[in-house]
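Only one structure is covered here, and it is reproduced in the block below.
Sequence lines set the chain letters: A, B, ... in the order given, protein chains first and strands last, and positions in each chain run from 1.
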Protein chains: 2
Amino acid sequence: MTTEIWISQLQENGYRITSARRAVVDTVYGSTHALTPIEVYDKARKKYRALGLVTVYRTLEKLEELHLIQRVHQPIGCQAFISAGIGHQHLLLCQNCGQVEFFDGDDLDSLTKNISRKTGYQIKEHWLQLFGLCVNCK
Amino acid sequence: MTTEIWISQLQENGYRITSARRAVVDTVYGSTHALTPIEVYDKARKKYRALGLVTVYRTLEKLEELHLIQRVHQPIGCQAFISAGIGHQHLLLCQNCGQVEFFDGDDLDSLTKNISRKTGYQIKEHWLQLFGLCVNCK
DNA sequence: ATATTATTGAAAATCGTTTTCAATAAGTAT
DNA sequence: ATACTTATTGAAAACGATTTTCAATAATAT
Ligand SMILES: [Mn+2]
Ligand SMILES: [Mn+2]
Ligand SMILES: [Zn+2]
Ligand SMILES: [Zn+2]
């Protein structure tokens, strides 16, 4: 039960801890699936009925700003959020059930050097995302 | 001047060739920057004043369906489209001016095998996008 | 030329998200 | 504990982007 990490992060950044924020944090933290604002709203309202959708948007905004969650881009849409990994990581998504995993250890140095040489670009960042079928779904 | 390739693709798929569609095709084909529907609208209306924004949406939809254009995902938004590359390619975007280039020859086989082994996922696809500064902007 | 029907743009509707605002509750000082 | 300050709240309204509706038009086949 380490949702307290997020709670104290919010606190340390001057944000107040409220029932609404706890409900959102409890919902998003530890989810194995990327969740849209509405999905967060529906799930979190089971814990705190009075929750408003507006507050979900506002809390997600703050969690993203503190790099505790990140946006997940998918062919079907780019509004979903997942708990952010630590350090430089990438996502692996199940095309069937939507489960999200992190992986690291990608070495794109020789690739980026190549592209840099060919194109003349100075490469600053990269986005890499893998799609497939998870253990349960394949 | 090979916008005719797109025109005939539309034709072959049973779509009629209209002034509105020509204006959209002329605008998007060959653009070095990803364009949003509104940007397409503004540019295309210089060629065909009567054009409606609705038709831009509808034409982009068809071009995407025929894989002639593709959606570009960026930190600032995911509504822009660019001429699709041929075969398996990836994008390289200038963070300053928005210029888009394609590159191929990425070899992610050993990476995906590794991840596959570690996670148990059967990997089907990947998204790779590089960001940096183009020759003019760096 | 005529007939058929896909396509059009304007307007209305819809959807997701943001802003406004008065009431409330969290944190702080007493 | 109580009072005070002010960040946070949810409802409602506003907003912007996209989609749907619809009657008029224009592309294609005959
Ligand atoms: Mn990486
Ligand atoms: Mn590739
Ligand atoms: Zn799965
Ligand atoms: Zn540039």
Side-chain angles (χ1 to χ4, degrees), chain A residues 3-4 6-28 34-66 69 71-81, chain B residues 3-4 6-28 34-66 69 71-81:
Chain A
T3 66
E4 289 307 316
W6 287 15
I7 296 294
S8 52
Q9 280 288 322
L10 286 167
Q11 211 157 29
E12 284 164 27
N13 284 83
Y15 296 119
R16 295 183 181 175
I17 304 310
T18 66
S19 308
R21 283 180 181 160
R22 278 189 192 281
V24 172
V25 165
D26 285 356
T27 302
V28 179
L35 301 173
T36 62
I38 290 276
E39 286 168 345
V40 173
Y41 176 65
D42 288 338
K43 282 178 187 284
R45 250 164 56 90
K46 297 195 170 122
K47 299 168 183 175
Y48 180 62
R49 264 248 103 71
L51 179 66
L53 177 57
V54 199
T55 302
V56 172
Y57 276 98
R58 293 192 275 225
T59 305
L60 290 175
E61 196 175 66
K62 284 165 184 63
L63 292 174
E64 191 181 23
E65 170 200 320
L66 298 176
I69 61 173
R71 189 177 293 272
V72 176
H73 298 259
Q74 284 180 270
I76 46 161
C78 307
Q79 301 77 32
F81 293 88
Chain B
T3 66
E4 289 306 317
W6 288 13
I7 296 293
S8 52
Q9 281 288 323
L10 285 167
Q11 210 158 29
E12 285 165 27
N13 284 83
Y15 296 119
R16 293 182 182 177
I17 305 310
T18 66
S19 308
R21 284 179 180 160
R22 277 189 194 280
V24 172
V25 164
D26 285 356
T27 301
V28 179
L35 301 173
T36 62
I38 292 275
E39 286 168 346
V40 173
Y41 176 66
D42 288 338
K43 282 179 187 283
R45 251 162 56 89
K46 296 196 172 121
K47 299 169 183 173
Y48 180 62
R49 264 248 105 69
L51 179 66
L53 178 56
V54 200
T55 302
V56 173
Y57 277 97
R58 293 192 275 226
T59 306
L60 290 175
E61 195 175 66
K62 283 164 184 63
L63 292 174
E64 191 182 23
E65 169 200 321
L66 298 176
I69 62 173
R71 189 177 293 271
V72 176
H73 298 259
Q74 284 180 273
I76 46 161
C78 306
Q79 301 77 32
F81 292 89

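Residues from residues 42-49 of chain B that place a heavy atom under 4.0 Å from any atom of DNA chain C, listed by number: B:Y48.
Residues passing the side-chain contact (heavy atoms from CB on, under 4.5 Å) test with A:E61, sequence neighbours excluded: none. Partners of B:Q11 by side-chain contact (heavy atoms from CB on, under 4.5 Å), not counting sequence neighbours, listed by chain and number: B:I17. With sequence neighbours left out, A:Y57 forms a side chain to side chain donor-acceptor pair (under 3.5 Å) with no residue at all.
B:Q11 places its CD atom 13 Å from the C1' atom of D:dA29, with the value rounded to the nearest Å. In this entry the distance linking CG of A:L53 with C1' of D:dT8 reads 16 Å, nearest Å. Atom pair B:R22:CZ and D:dA26:C1' shows a separation of 14 Å (rounding to whole Å applied). We find that OH of B:Y41 is positioned 14 Å from P of C:dT8, with the value rounded to whole Å. Nucleotide C:dC15 holds its P atom 18 Å from the CD1 atom of A:I76, rounded to whole Å. In this structure, CD1 of B:I7 is placed 10 Å from P of D:dT28, rounded to the nearest angstrom. Protein atom CG of A:L51 is 18 Å distant from nucleotide atom P of C:dT24, rounded to whole Å. Rounding to whole angstrom units, CZ of residue A:F81 and P of C:dT17 are separated by 8 Å.
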Expected rows: protein N/O vs nucleotides 4-6 of chain D N/O, under 3.5 Å:
residue, atom, partner, partner atom, Å
D:dT6, O2, A:R16, NH1, 3.3

Can you tabulate the close N/O pairs, meaning under 3.5 Å, that link protein atoms to atoms of nucleotides 14-17 of chain D?
none

Donor-acceptor pairs under 3.5 Å, side chain of residues 37-46 of chain B to any protein atom, not counting sequence neighbours: which ones?
residue, atom, partner, partner atom, Å
B:E39, OE1, B:T36, N, 2.9
B:E39, OE1, B:T36, OG1, 3.4
B:R45, NH1, B:R49, O, 3.1

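Considering only side-chain atoms of A:V54, the nucleotide from C:dT19, C:dT17, C:dT7 that sits closest is C:dT19. The side chain of A:A20 lies closest to D:dT9 when the candidates are D:dA11, C:dA11, D:dT9.
Between B:T3 atom OG1 and B:Q9 atom CD the span is 12.5 Å, to the nearest 0.5 Å. Separating the SG atom in A:C78 from the CD atom in B:Q74 is a distance of 11.5 Å, to the nearest 0.5 Å. Put simply, CZ on B:R58 and CG on B:L53 are 10.0 Å apart, with the number rounded to the nearest 0.5 Å. Annotation: the span from A:E65 atom CD to A:N13 atom CG amounts to 7.5 Å, rounded to 0.5 Å. A distance of 13.0 Å separates CG in A:D26 from OH in A:Y48, rounded to the nearest 0.5 Å.
Listed pair A:R21 / C:dA26 fails the phosphate criterion, with no side-chain N or O lying under 4.0 Å from OP1 or OP2. Contact between the side-chain N/O atoms of A:R58 and the OP1/OP2 oxygens of D:dT9 is not found at any separation under 4.0 Å. Dashed line: the shortest gap from a side-chain N or O of A:T18 to OP1 or OP2 of D:dT9 is under 4.0 Å.
With contacts defined as side-chain heavy-atom distances shorter than 4.5 Å, the pair A:W6/A:L66 does not qualify. A heavy-atom distance below 4.5 Å is not found between the side chains of A:T27 and A:V56.
For the salt bridge (Lys or Arg N to Asp or Glu O under 4.0 Å) condition, the pairs that include at least one residue of residues 8-22 of chain A, sequence neighbours left out, are A:E4-A:R22.
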